[in-house]
Amino acid sequence: MTDILIKNLPILVVLCPLMMSLIVVLIPNIFLSWLLTFASTFVAFIFSILLYQEVQIHSTISYALGNWAPPLGIEYVIDKVSIFPIIIITLIGFLTTIFSSKMMPDEINETSISKVYSLWLLAIAGLIGLVTTGDAFNLFVFLEISSLASVALVAMGAQKDKQALVAAYNYLIIGAVGATLYVIGVGLLYGITGTLNMADLSERVVDLKNNKALIAGFGFMIVGIMVKAAVFPMHIWLPRAYAYAPSAVSVLLAATATKASLYILARILFSVFDIADNLIINTLSYIILPLSIIAMFAGTIMAVYEKDIKRLLAHSSVAQIGYITLAFAIGTKASVAAGFIHMFNHALIKGALFMAITSISFYIQKRVTLSNLSGLGRAMPITFFCFVICSLSLAGLPLTAGFISKLYLIKASISADGLWIAILILFSSALSVIYLWKMIEALWLQQPRKEIIIKENPTIYISLLIITFLNIYFGLDASFVVDSSTEAAEKLVGVSK
Amino acid sequence: MISFENLILITLLSPLLVCLLTPLLSSKPILRDILGPLGGIISSWGAIQLMASILNGEQPRLELLQIAEGISISFEVTPLGAIFGLVASVLWIFAAIYSVGYMRGNKEKNQTRFYIFYAMAVHAALCIAYAGDLLTLFIFYEVLTFSTYPLVTHKQNEMAQKAGRLYMSILVGTSVILLLPAIIWVWVVTGSLEMSQNGVLDGKMNPDYAPYLLAMFVFGIGKAALMPIHKWLPAAMVAPTPVSALLHAVAVVKAGVFTMLLILTNVFGIDFLSKTGASNWLVWLASFTLLTTSIIAIYKDDIKARLAYSTISQLSYITLGGALASSMATQGATLHIITHAAGKITLFFVAGAIYVGAKMSKISELNGHGKSMPLIFLAFFVGSLSIIGVPPMGGSWSKFFLMLGAAESGYITVIAVFCISTILNAYYLMEIPARAFFFKKEREVKIKIPILITIPTLITCFLTILLFFFIEPFENLTSIMVSKL
Amino acid sequence: MISSTIGIWNYWIVFLLMMIGLFLVIGRKNFLKKIVGLTIFQTSVFLLYITFGKIKGGTPPILNNAIDTVYSNPLPHVLILTAIVVGVATTALGLSLVLRINSEYGSIEEDEISAQDLVDYHDQIETSKKIDTKFIQ
């Protein structure tokens, strides 16, 4: 029994939320639909932990879908690289589901809640599938499953603010163009190699150096994924989509959606293609590196001038994605590991910050802007405490998770002879202190406009507390994150680099 | 016999414990106010024991926790650290007593919060003193900055917030943008975050890059207040006087110069510095800061502002001592940490006493008030003499060693700088007791100085004299430190 | 030269459709037209895949007993079936969003909508500021 379970884990972790989404849509009861959602995300999380243990033993698990042997059949691959984003997605998915139990009924009318949960599960399933699959075209399908579901979820924000519709529309159009570009790339590669399996593909592209179709196909794929990952300047859909989505959805998307795409980006750059290839080296150092540096500063500066807090956090996400792609662009083992570390930590940080801000907007029943934050810190000490801890973590203050990622990122860039990159990274993170400080100052030091009495709700802050605890925990004992990302980077880039 | 690990823990944790217990006792002000001095006594006992163990040639070390491979939080007592730890913890006792008198006498709000962060700052300073590796040093350097922010902005008015912003942006900005990459650079070059008593860079670092690395450290350690990044210190004077006294004369700024000395001796190593000449530019920068700020101090009418500029100038003595890269100068710089701390805290105590007792903060207002507060001004006079370096005050020793050091490394100009600055010191410090005792009184002021303020002031004043006669253990410590170089 | 250019005329069509589609998506301000553009863009990709699948003289891939039969590649067709489904879902979602936008904003022109949004955005910031000053007084 357990053998069968273990053997089928790679597909079960995807199927569990996918199948449940079909069931949830039929259930009219709000609580029951939440419970089922919670159960399936929790089970998916357990599965991913089991998978993690399996990967520690077997290093790579390959699962042939429908018993059609790869490379012809669709293959699901879980290795030390892909287990990392799977854990991020399932962990955040599970925590945000707890968080959503109070937020959803507040923002969405009763009849649509079960449908929203169905979409919610669909989005999570899509993201997990995206990471697990080893087939380039199957990847496209999951990409679209997750992004169509998230578009619909973002559009649900329209019940509070009509701007959500436009945000969702932009997200849809830009996302669809990105996905189509990706498909064109896959098509071109298929045309010259005759395979869709990524592992097989990586063997066959070796002989095709300087083939023009290969270069074109690579370009299309990369640009398509960069759109999905919101790499500057393809990020314009992101701030609005995050800002106007329903609260719980912003948390889920901010913490997971771009991470999965970033993982795909790394996979294409380092695993399908070879890091030693001139094509990749040029792409990294002449395209991704400058774009990342611009993203770091553009995102931060936009955030400094932003008054609407959810948008502010979204702009800061753009900057943080810049750090991750920057780490990939440096292209050494240490730097790719640093990118993965930051991917994990940023999911924790941004998830928590969005949770804190959306729960504030839940309590005050208004959009959160800088001016109506004033004095709220005293009224809701728990939320405020978590917010401060996670802001410090975002700024990269010691003893928080964010510090570990900054530390490794900087170490990697200095040892790759990029002292100037390290200084730029630190400079932009010092700039980020400005907007974080503005918020904390508004929350704590400004006098409240009137006496506000808020009773904090345990179901809302429990997941916030858990995530904040993780932020501190992974700042004090980072060996899990550091070790597994180093292993992931070794697998991607090779031990020697 | 308590093991060294536990000794370190006792010394470090007692301020932390005070910080954690204070909010629980916020409704019982008497108990709450006793906590501070009590913690100070326990922690200075620990610090003295640690210092004794160093004198016996031992090397206490404590691995606290491992964050990831190669990164850990560890503590190790070095001779330099033992001195700084002793200074911070002993002076904390008096500053804690003094702050009770000050806060009550001034009827300040939010006293509990004040004591919490006060103890927190001392904890961070002690952790810096005993930091066993560069990362621990950096972490608590930041903790110190953050824990003093609520103290600087204690008054919560527009001016305090503005000063707080300047304070944070300079200290956090420089440390994050320059100090952190410098530390990681060392990590990359040497492969570990450890320090050693004769430097870790020799033979591993290309000497051509050493001045740049040093510059990153020097400007990254904003707390040492070298010239272009000194602005935060005068700004931080909006804080209540106990804060300025302990933190901006002892803990924070001394943490800065301590870090600077530690970097110069235990990371670069004096040999490496004198061999490569990487610190030559620093000698001139420090001399420039030293003279310029002395001159600025003359023009400041606010007592605390004048003392702040005087502090910047005295800090440059220490940096200069380290930059001279000779064993004598390093000894002098280390001794100056002690003697200047004792002297300057007395001066700040006096400034606070005048503010509480007579509500005066300008030097021009002091005319003729010497007779109504004789003890206080006497303390100021003695403290000033120590800062100027007149025997029989403690300050004379450190200046003596610094000058010897300058001669040893052949910087004759630097000796001249020391002499000129001594004259300037005398000029701007002596003006205050001179006005108080010899000028004619302009107006009558009702004076009421709480006893809890007078006593610590007199004790620290007495300490400056004691230091002259009992400098020997400290001198031994510094010679242990120098002998290992 | 000419024969080779004409020989790949399928690709020229793909290219043309792709550019038309992309231009519509980027250049048009009307939300409905953008969706039309997106559909054309996707269609061009379908054509691209189908073209790969074509083999000269190939027959439909149904097993027969002739020895030297050349089969066309069926895989691209299957892939495109999936892609078409995805495309239809995208279009449907897009159209429904356009409908809702039209009923909320009364327009589907990007300029008008962003003008309305900008006003809303500033209103939010301004009103909260006003409340602020009121309470301070």
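This structure is a prediction, so every number in the text was calculated from the model and none was measured. Order of the sequence lines fixes the chain letters, A, B, ..., with proteins taken first and strands second; residue numbering starts at 1 for each chain.
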Undergrad: What's the separation between atom CG in C:Leu75 and atom CG in A:Leu72, rounded to the nearest 0.5 Å?
TA: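 That separation rounds to 8.5 Å.
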Undergrad: Side chain, backbone, both or neither: which part of A:Ile145 has an atom under 4.5 Å from a heavy atom of chain C?
TA: neither
Undergrad: If you count heavy-atom pairs within less than 4.5 Å of chain C, which of A:Ile173, A:Val177, A:Asp161 leads?
TA: A:Val177
Undergrad: Could you give the distance from CG (A:Leu172) to OG1 (C:Thr90), rounded to the nearest 0.5 Å?
TA: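 Answer rounded to 0.5 Å: 6.0 Å.
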Undergrad: Does CE belonging to A:Met302 count more than 12 external heavy atoms closer than 6.0 Å?
TA: no
Undergrad: Is A:Phe137 close to chain C through its backbone or its side chain, or both, or neither, when contacts mean heavy atoms under 4.5 Å?
TA: side chain
Undergrad: Would the number of heavy atoms belonging to other residues, nucleotides or ligands and lying under 6.0 Å from CZ of C:Arg28 be above 12?
TA: no
Undergrad: Assess whether side-chain contact (heavy atoms from CB on, under 4.5 Å) is satisfied between C:Val45 and A:Tyr182, documenting all intermediate values.
TA: CA-CA 10 Å; C:Val45 182; A:Tyr182 173 78; over 6 Å; no
Undergrad: Check whether C:Ile35 gets within reach of chain A through its side chain, its backbone, both or neither, counting any heavy atom under 4.5 Å.
TA: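 The answer is both parts of C:Ile35.
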Undergrad: As an exercise: rank C:Glu110, C:Gln116, C:Arg100 by heavy-atom pairs under 4.5 Å with chain A and give me the winner.
TA: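 Highest number of pairs under 4.5 Å: C:Arg100.
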Undergrad: Between A:Tyr171 and chain C, which part of the residue has a heavy atom less than 4.5 Å away: side chain, backbone, both or neither?
TA: neither
Undergrad: Which pair of non-hydrogen atoms, one from A:Tyr169 and one from C:Leu32, has the smallest distance, and what is that distance?
TA: OH-N, 4.4 Å
Undergrad: What pair of heavy atoms forms the shortest contact from C:Pro76 to A:Tyr190, and how long is it?
TA: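 In this case the closest contact between C:Pro76 and A:Tyr190 is CG-CE2, 3.8 Å.
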Undergrad: Pick one of side chain, backbone, both or neither for A:Asn138, based on which atoms fall under 4.5 Å of a heavy atom in chain C.
TA: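 Neither part.
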Undergrad: Measure across A:Val166 and C:Tyr105 and return the closest heavy-atom pair with its distance rounded to 0.1 Å.
TA: CG2-OH, 3.6 Å
Undergrad: Looking at C:Thr82, C:Leu79, C:Ile113, which makes the most heavy-atom pairs under 4.5 Å with chain A?
TA: C:Leu79
Undergrad: Could you have a look at C:Val86, C:Val98, C:Asn73 and say which one has the most heavy-atom pairs with chain A under 4.5 angstrom?
TA: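 Top count of heavy-atom pairs under 4.5 Å with chain A: C:Val86.
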Undergrad: Taking every heavy-atom pair that is under 4.5 Å apart, which of A:Val183, A:Val151, A:Ile174, A:Val186 has the most such pairs with chain C?
TA: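 The answer is A:Val183.
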Undergrad: If I take atom CG from residue C:Leu22 and atom OG1 from residue A:Thr180, how far apart are they, to the nearest 0.5 angstrom?
TA: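 Reported to 0.5 Å precision, the distance equals 9.5 Å.
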Undergrad: For C:Phe15, is the CZ atom crowded, meaning more than 12 foreign heavy atoms sit under 6.0 Å from it?
TA: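 Open.
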Undergrad: Let me know if C:Leu93 has heavy atoms under 4.5 Å from chain A in its side chain, its backbone, both or neither.
TA: both
